[in-house]
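Structure first, commentary second.
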Amino acid sequence: MSNSIPELHIIDENDNNIFDTDTEYIIPLYQRAYAWEDKQLTQLVEDIKDVSEAANYYMGSLIVSKQNGRYEVVDGQQRLTSLYLLLNCLGIKTKPTLTFACREKSNYTLRNIEEIILDNRSKLDTDRIEPSIQRGIKILSQELGRDDFDKEAFIKKLAKVVICRIEVPEKTDLNRYFEIMNTRGEQLEQHDILKAELMGYLNDAADKSLFAKIWDACSDMTGYVQMHFTGKNNTLRELIFGPGRNDMPPGSWQEYKKAINGAAEETTGKRICDLIAENFEIEDDEGYVKGDEGDVRVRFESVIEFPYFLLHTLKVYVALNGIRHEHAGAKITDELSDDKKLPDAFKRVLLHGVSDSGKAADDKENFARTFIVCLLRTRFLFDKYIIKREYANDSSEGEWSLKSLYVSGKRSEKKAYYSNTKFTKDGRWDKTNDWLTKKNIMMQSALRVSYTSPKAMHWITKLLIWLSENGCERISNGDLERYNEVSEGIAVDAVKENFFNACDKDSYAMGVNTPHIVFNYLDYLLWKQAPEKYSDFVFEFRNSVEHWYPQNPSDFESWKDGVDRFGNLCIIQRNVNARFSNISPEAKSKFEDIIAKGSIKLRIMSELTEKNGEKAARLYWKETACRVHEEEMIGCLKAACRQYDAETGSEMMT
């Protein structure tokens with residue numbers, strides 16, 4: 001870096017930090033309020049955990065304008081504010097050098113951050129606290145409070161994190177500059193660099209063109225991959241995916257070249273006489289579902305972005321080709337999927353990967369060809385068998401969806417439709433298929449909301465590998481009845497390893513460190529037992545573990561020896577946590593709107609919270625109801641785990 005651009009260490013060699021100086025930063029009014037939530041804050045912590053202590057880690061740039069001796073933050077305020085919260089949550093002292101212009105609530109919250117972290121409500125005016133910053137503090141406190149968190153190691157890595165402070169020229173129109181910064185084009189991404197490297201292994205120009213066409217279609221994670229292959233009369237789509245656009249793509253590079261050549265024989269343009277004809281219509285590339293009142297236009301949102309999909313596909317490729325590291329014992333792929341290590345992940349497989357066919361590096365051209373074929377086939381399976389968020393028309397209210405693409409009509413009148421993916425042996429639609437589809441949606445959505453970080457979505461890799469190994473040959477007749485069992489097995493393994501085997505025998509008191517998958521898998525089992533009773537239940541991002549009987553009661557006796565037990569815990573949304581606070585169980589049960597939309601375990605806990613004779617509901621819960629509820633819930637989990645072990649021959653729980 002140039003000496004004219006300061007490199008700011010979050011923590012320097014003297015243990016000073018960027019907010020422990022006389023340099024002041026102000027967030028101008030034209031900036032939006034603080035808005036980082038779970039996804040961004042957990043990612044920040046994970047990124048710092050992954051920092052190597054051998055070299056500096058550049059977090060990005062902070063664009064500022066010097067105004068009256070202070071730095072006005074033009075770009076990077078969300079990251080800067082999060083770092084301020086992070087340092088304080090780590091117990092590292094900061095000066096009040098970060099302020100918000102004309103946002104008194106935000107400033108009050110930052111000035112009283114220590115009391116908020118300690119939850120000293122008696123010293124706070126809760127009406128003056130900015131909820132978004134308070135939520136950020138809570139998220140970071142929970143991330144840093146996990147049992148496996150190594151504070152000393154984390155701070156050492158934080159000392160390697162650098163942010164570059166770049167000043168804009170004097171007399172810059174800051175409002176205009178801010179507008180440009182927020183509408184500027186995307187920078188070159190790592191997956192673009194990877195694309196260029198892989199294409200560089202191909203010698204033939206036609207091969208490069210084919211590679212790019214498949215890559216570009218797969219890189220668009222909106223919608224279904226079939227819709228990203230365009231051409232006159234959809235010729236290319238149908239050559240690759242069949243007349244119904246729902247066949248597994250070919251596994252041979254030569255078949256793709258043949259398809260591309262076949263499609264190239266027809267021009268993609270329109271003749272003037274066609275354009276001026278009265279019946280001319282622009283080809284409709286949107287998708288629809290059939291509703292009670294006619295066709296409903298739908299759009300889909302992927303649960304992961306393309307760089308992460310590439311990493312999942314690389315693991316599928318490694319599994320299908322039996323690739324291992326040339327040095328015995330060394331890992332050929334990382335357990336976590338880190339998009340910042342995308343080129344390195346591919347380089348490791350290419351340079352150190354060996355299989356029965358030889359070393360990957362000996363034929364880089366073949367690696368590029370076979371990987372791009374694997375990419376398209378994996379994307380097809382991903383679209384068809386991994387859940388998405390589905391939005392109808394212009395609605396912003398999405399729902400979990402597991403659909404396949406089909407077409408209706410003939411020739412130029414063909415129209416794309418989506419309907420639930422079929423799971424019965426012969427592919428026919430019946431009540432069995434409805435139930436299998438619903439179970440798949442519920443199980444996958446339980447996994448999705450349990451593992452919110454894209455780095456930790458190992459369940460997607462496992463399902464894609466299973467589909468690729470077991471589903472491809474039978475994909476046409478929908479013989480995937482075991483698919484839900486595989487999904488459920490992922491949850492079972494996680495519950496056994498991270499809960500049952502991590503707890504002392506017959507003592508399940510992990511408190512807020514209880515893995516989210518335990519609550520979500522339990523809700524899935526409870527739903528499966530009574531689907532009609534809980535027909536309104538859906539898995540949502542409930543990312544906060546709450547004590548039903550509070551840890552720090554506001555005006556009644558505490559429960560020190562049992563408050564962390566599993567029976568007293570539920571999983572809720574963070575904004576609900578703030579409303580529940582330290583009130584009694586009977587007071588919480590009166591939030592009927594929250595309970596009705598909450599987890600099934602929460603609903604059951606609320607139903608059990610009632611007086612017993614002259615004994616107050618909270619006392620009866622503490623002394624009796626909680627234990628009975630826990631025994632029932634733990635019994636439900638254990639029974640499901642044992643059943644799965646018996647059916648699969650897995651090792652029984654300890």
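- Below 30°, between 30° and 60°, or above 60°: for Phe367 and Phe346 the angle between ring planes is above 60°, a perpendicular geometry.
- Considering Tyr508, Phe499, Phe500 as possible partners of Phe566, the one that fulfils the ring-ring contact (aromatic ring centres under 6.0 Å, His included) test is Phe499.
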| From CA spacing to verdict: side-chain contact (heavy atoms from CB on, under 4.5 Å), Arg324, Val354 | CA-CA 5 Å; Arg324 58 194 181 278; Val354 295; 3.8 Å; yes
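- Checked against the 6.0 Å centroid criterion, the rings of Tyr521 and Phe519 do not qualify as a close aromatic pair.
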| query | Going through the distances and angles, do Phe537 and Phe539 end up as a ring-ring contact (aromatic ring centres under 6.0 Å, His included)? | reply | CA-CA 7 Å; Phe537 173 72; Phe539 284 103; 4.9 Å; yes
| task | Any chance you could lay out the salt bridge (Lys or Arg N to Asp or Glu O under 4.0 Å) test for Lys455 and Asp47, step after step, and finish with the verdict? | result | CA-CA 10 Å; Lys455 291 183 178 181; Asp47 286 346; 2.9 Å; yes
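- Cation-pi check for Lys439 over Tyr483 is not met; the charged atom does not lie both under 6.0 angstrom from the ring centroid and within 45 degrees of its normal.
- For the atom pair OG1 of Thr514 and CG of Asn498, the computed distance is 11.0 Å after rounding to the nearest 0.5 Å.
- Contact check for Arg377 versus Val373: side-chain heavy atoms found under the 4.5 Å cut-off.
- At least one side-chain heavy atom of Ile571 sits under 4.5 Å from a side-chain heavy atom of His516.
- Residues Tyr256 and Pro249 meet the side-chain proximity criterion, which asks for heavy atoms closer than 4.5 Å.
- A distance of 9.0 Å separates CD of Gln142 from CG of Asn513, quoted to the nearest 0.5 Å.
- Contact of the Cys570 side chain with the Met605 side chain is registered, since non-hydrogen atoms from C-beta on lie closer than 4.5 Å.
- Counting heavy atoms from C-beta outward, His458 and Lys462 have side chains that approach closer than 4.5 Å.
- Atom OG of Ser209 sits about 7.5 Å away from atom CE of Met199, to the nearest 0.5 Å.
- Residue Glu305 qualifies as open at atom CD: its count of foreign heavy atoms under 6.0 Å is 12 or below.
- Taking the six-membered ring for Trp and the full ring otherwise, Tyr224 and Phe300 have centroids separated by under 6.0 Å.
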| message | Pair Arg135, Glu37 - check salt bridge (Lys or Arg N to Asp or Glu O under 4.0 Å), show working. | response | CA-CA 7 Å; Arg135 184 165 58 249; Glu37 296 188 348; 3.2 Å; yes
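- At most 12 non-hydrogen atoms from other residues, nucleotides or ligands lie less than 6.0 angstrom from NZ of Lys213.
- Between Leu402 and Gln444 there is a side-chain heavy-atom pair separated by less than 4.5 Å.
- Atoms OG and CD1, from Ser357 and Ile323 in turn, are 9.0 Å apart once rounded to the nearest 0.5 Å.
- Side-chain N or O atoms of Ser404 include none that pairs as donor or acceptor with a backbone N or O of Asn246 at under 3.5 Å.
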| field | Residue pair Asp645, Lys638: steps toward the salt bridge (Lys or Arg N to Asp or Glu O under 4.0 Å) verdict | value | CA-CA 10 Å; Asp645 288 342; Lys638 282 187 174 181; over 6 Å; no
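- In the displayed structure, Asp356 atom CG is contacted under 6.0 Å by at most 12 heavy atoms of other residues, nucleotides or ligands.
- Figure legend: cation-pi geometry between Arg389 and Trp400, with NZ or CZ positioned under 6.0 Å from the six-membered ring centre and within 45° of its axis.
- Taking every heavy atom of both residues into account, Glu335 and Lys331 meet most closely at OE1-NZ, 4.4 Å.
- Judged purely by atom type and a 3.5 angstrom limit, Arg237 uses its side chain to pair as donor or acceptor with the backbone of Met227.
- More than 12 heavy atoms of other residues, nucleotides or ligands sit less than 6.0 Å from atom NZ of Lys528.
- The closest donor-acceptor contact from the side chain of Asp339 to the backbone of Tyr308 lies at 3.5 Å or more, if one exists at all.
- Between Glu488 and Tyr524 there is a side-chain heavy-atom pair separated by less than 4.5 Å.
- The side-chain heavy atoms of Ile604 and His629, taken from C-beta on, include a pair separated by under 4.5 Å.
- By the 6.0 Å contact criterion, CD on Glu255 is enclosed, its count of non-hydrogen atoms from other residues, nucleotides or ligands being greater than 12.
- Taking the six-membered ring where tryptophan is involved, the planes of Trp215 and Phe211 are essentially parallel, since the angle between them stays under 30° and well short of 60°.
- Taking the ring axis of Tyr391 as reference, the NZ or CZ atom of Arg299 stays within 45° of it and closer than 6.0 Å to the ring centre.
- The heavy-atom pair separating Ile517 from Val495 by the smallest distance is O-CG2, 4.3 Å.
- Classification of the Trp435-Trp527 ring pair by plane angle, with boundaries at 30° and 60°, yields parallel.
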| What do the steps show when you test Lys195 against Asp216 for salt bridge (Lys or Arg N to Asp or Glu O under 4.0 Å), and what is the final call? | CA-CA 10 Å; Lys195 174 187 175 184; Asp216 291 345; 2.7 Å; yes
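- In this structure, Phe241 and Phe380 have parallel ring planes: the angle between them is below the 30° cut-off, well short of the 60° mark.
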